[in-house]
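Taking it in order: structure first as structure tokens, then the write-up.
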Number of protein chains: 2
Amino acid sequence: MIGCPKCAQVGTIMKAGYVRNKQRYVCKACNYFFTIASTEEPHKRQKSRRHQTTIIDIAKSVGVSNSTVSRALHGHADINPETRQAILDMAAQLDYQPNQLAYNLVKSRTNTIGMIVPEFHNRFFPNVIMGAHQVLTEQGYNLTIMQSNESFAVEVANTKAMLANRIDGLLISLTQETNSFEHLQVFEKRGIPLVLFNRVCDDVHAPKVVVNDFEAAFMAVEHLIKNGYERIAHLGGPLNLLVSRERMKGYRAAMEKYGKPVEEELVIQGMLSQQKARIYGKYLLDLENRPDAIFAVNDSAAIEIMLMAKEKGIRVPDELGVVGFSDNPESAYIGPGLTTVRQPTIEIGKTTARWILQMIDDEEEFSDGEERILKTELIVRGSSLRHR
Amino acid sequence: MIGCPKCAQVGTIMKAGYVRNKQRYVCKACNYFFTIASTEEPHKRQKSRRHQTTIIDIAKSVGVSNSTVSRALHGHADINPETRQAILDMAAQLDYQPNQLAYNLVKSRTNTIGMIVPEFHNRFFPNVIMGAHQVLTEQGYNLTIMQSNESFAVEVANTKAMLANRIDGLLISLTQETNSFEHLQVFEKRGIPLVLFNRVCDDVHAPKVVVNDFEAAFMAVEHLIKNGYERIAHLGGPLNLLVSRERMKGYRAAMEKYGKPVEEELVIQGMLSQQKARIYGKYLLDLENRPDAIFAVNDSAAIEIMLMAKEKGIRVPDELGVVGFSDNPESAYIGPGLTTVRQPTIEIGKTTARWILQMIDDEEEFSDGEERILKTELIVRGSSLRHR
DNA sequence: TTGTATGCGTTATCAC
DNA sequence: GTGATAACGCATACAA
């Protein structure tokens, strides 16, 4: 029990916070404040087993203030080269590792861009990541990747986490399920740059990077038509995905342009899973009056079709033309080769990354849904070249 | 120009810091300190255009202290249900988003696991990521992915960034170039959990998750031998990769076991690029006395071999058996099908993730290089089945 | 050129 | 049940 240094009373003393690592007390009797150097417990500093050395440690060791250390570490001007060197040496000696968390907190920016992708199953998103990663690292940004796993709930959770972690910008490609967009509109509201790519939507005011799905689909179908196919089916993706809708439109437009009637029983709109592809494929191939060509919304589906055709003894491309979308690696190697649409995946990544950096630098206003449309390329292989 | 409230002089006033958000001044004439509520500029708070609402804002609005708000937000006990609800409502109304940075700083943990992979070119790492991601998100952890791009320098930079961002643990697969390991030993020194996978090394005391490369290679070569191939070449990877060395050993062991002499001109050790694969493949196929089978260190190389064989009119599998490693998606579709070794990629990811979580929870000591070895599976396809 | 003091947004300790 | 206030580690405006 301690007594008051002023009125010498005992039992009237209570703690009153800390001052410079010393316990501060107040005497209730005489209202006198005083401190006592906390002897047995040097409060925090160096307390925890795993104390990470901080700039304060360096400052103490060198005998300067923490601000000087901070300046030295950041190569600010106006600093004595000798102190500076001493600080740098001490930092190395103490194995100093800057704490990015503290830095970010005080700067309220993280130099980190977030990216949310729906899946890692195909080459598409890994490639986009590679492209974005390259641009971002060149500019000194980190890239944090999350995966929504085609689940709306996970996507929302991911955006929340990104927000909480105060990323400087978000690149996102939506899930198949995503039909509501509040979780994205938050970014707009808070002025955090946002760029959508590939799986985009019209309900959020943010730049979008896409490919010319409509044109690509149009060209793919046109290619089939020019190769003599007449009754072309379309195995499409879920209609809440813009890309599916665009490809569907492209299909219909091409059919119309060349005067081919679209038989609705040959047009399917569904999910993208492999299982579904098999089911729809079977349906199409088992039709009494089966199509002589199929334009599939992606390569996985197209490949399923080709495998089933083989099982059923239907010859590709003579009895059945097939065109896919995306140019998966296996498409070059299967059967007679799968004709498909190649997407500039790396370029998509680079473009989205450049755009968001620009938004950050320019503090550019959210554009009213501006779109950048990258060009695809039709890769013609055996599956669509009928031997006449 | 303001005058001194005490001596009423003007022009003797200078700023002297802030006190409770008020500008503090001192009169140089009479040495009197005083403050003036900064009217036009309420200092910080709400100053920045993009002020994020904080718990303090909530506290003020509700009329309680920030500690109460903090407790309410975290569902602590001992809080009046009404105040609690009021706080929650206000939080929603003000669109409060917790600042993870501040949270992390004070807790000095981030709930984030870092992962560094050398490349995104093959399916391997994306799959590992999927596995790890699943386990980590289930346990409430975030996963931050970085890519070293097969560059040692980038790898070192990445580990530094991870360190700076105070991740709670690191999962890493090394680059082909990595021959020194100080950047990893730092983790050990600082007690940050570290797990190596796939591309591991013996120079750092950390758990490793690998597959049975030796056995797998042994079985692959054994399979070729049992299918009647005699002079089996090995197109190996760079020897500083442990996986390459193990596969090489497995190859040699199998050859030895079955009394096949290893002809050193049929054994190549090199880098993994596609270009190199073509060069080495050409060398092997152009040999005067060319091998009748090739065991390649990965599928990309094996596929290059198959393509070149086709170009040269060498029939696979009759004139040349080929076995790869990894089971890339295209391997199932090429030519007669590529026999290969399937790695449990998803499981690798899950295992590394589980392990690092365990290390975090148990504060487990760094094990002395303990290893977990997952099983591979030989996928037999046409490329190794000679028609006798 | 260097030091002082304050703030970034939270949590946690302790007094009440 | 609630309120002060000290950290967390760093940057920086001002003062010196």
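What's counted below: heavy atoms across the whole structure, side chains too, no hydrogens, waters or symmetry copies. Just so it is clear: chains get the letters A, B, ... in the order the sequence lines come, proteins before strands, and each one is counted from 1. Just so we're clear, the structure is a prediction, and the values are computed from it rather than from any experiment.
Look at CD1 on B:Ile87: it is 13 Å from P on D:dG1, rounded to the nearest Å. In this entry the distance linking CD of B:Gln52 with C1' of C:dG7 reads 16 Å, nearest Å. The CD1 atom of A:Ile58 sits 14 Å away from the C1' atom of D:dA11 (whole-angstrom rounding). Rounded to a whole Å, the CD1 atom of B:Ile55 is 12 Å from the P atom of D:dG3. Distance, B:Ile56 CD1 to D:dG3 P: 14 Å, rounded to whole Å. One can place CG of A:Asn66 at 15 Å from P of D:dA13, the figure rounded to the nearest angstrom. Rounded to whole angstrom, the span from the CD atom of B:Glu82 across to the P atom of D:dG1 amounts to 12 Å. Rounded to an integer number of Å, the gap from B:Arg84 CZ to D:dT2 C1' is 15 Å.
Between D:dC8 and A:Thr54, no contact under 4.0 Å exists linking OP1 or OP2 to a side-chain N or O. OP1 or OP2 of C:dG3 has at least one side-chain nitrogen or oxygen of A:Thr68 nearer than 4.0 Å. Contact between the side-chain N/O atoms of B:Ser65 and the OP1/OP2 oxygens of D:dA4 is not found at any separation under 4.0 Å. A:Thr83 has a side-chain polar atom (N or O) that falls below the 4.0 Å cut-off from OP1 or OP2 of C:dT2.
Of the possible donor and acceptor atoms, one in the side chain of A:Asp57 sits under 3.5 Å from a partner among the backbone N and O of A:Thr54. Within the 3.5 Å criterion, the main-chain N or O of B:Val154 finds a donor-acceptor partner in the side chain of B:Ser151. With hydrogens and angles ignored, the 3.5 Å screen pairs a side-chain donor or acceptor of B:Glu155 with a backbone N or O of B:Thr175. In terms of modelled atom types and a separation under 3.5 Å, the side chain of A:Ser70 and the main chain of A:Asn66 share no donor-acceptor contact.
Residues passing the ring-ring contact (aromatic ring centres under 6.0 Å, His included) test with A:Phe181, sequence neighbours excluded: none.
Both B:Val64 and A:His74 lie close to DNA chain D; mapped to their nearest nucleotides by heavy-atom distance, the more 5′-ward contact belongs to B:Val64.
Across all strands shown, A:Asp78 has heavy atoms under 4.0 Å from base atoms, whether or not it also approaches the sugar-phosphate.
Within 6.0 Å of CD in A:Glu82 there are 12 or fewer heavy atoms belonging to other residues, nucleotides or ligands.
Sorted by residue number, the members of residues 90-114 of chain B with any non-hydrogen atom under 4.0 Å from DNA chain D read B:Leu105, B:Val106.
Among the nucleotides C:dT13, C:dT10, D:dA13, the one closest to the side chain of A:Ser67 is D:dA13.
Sequence neighbours left out, the pairs with a member in residues 85-102 of chain A that pass side chain to side chain donor-acceptor pair (under 3.5 Å) are A:Gln85-A:Asp89, A:Gln100-A:Asn104.
A donor-acceptor contact under 3.5 angstrom links the side-chain atoms of A:Arg71 to the base of C:dG3.
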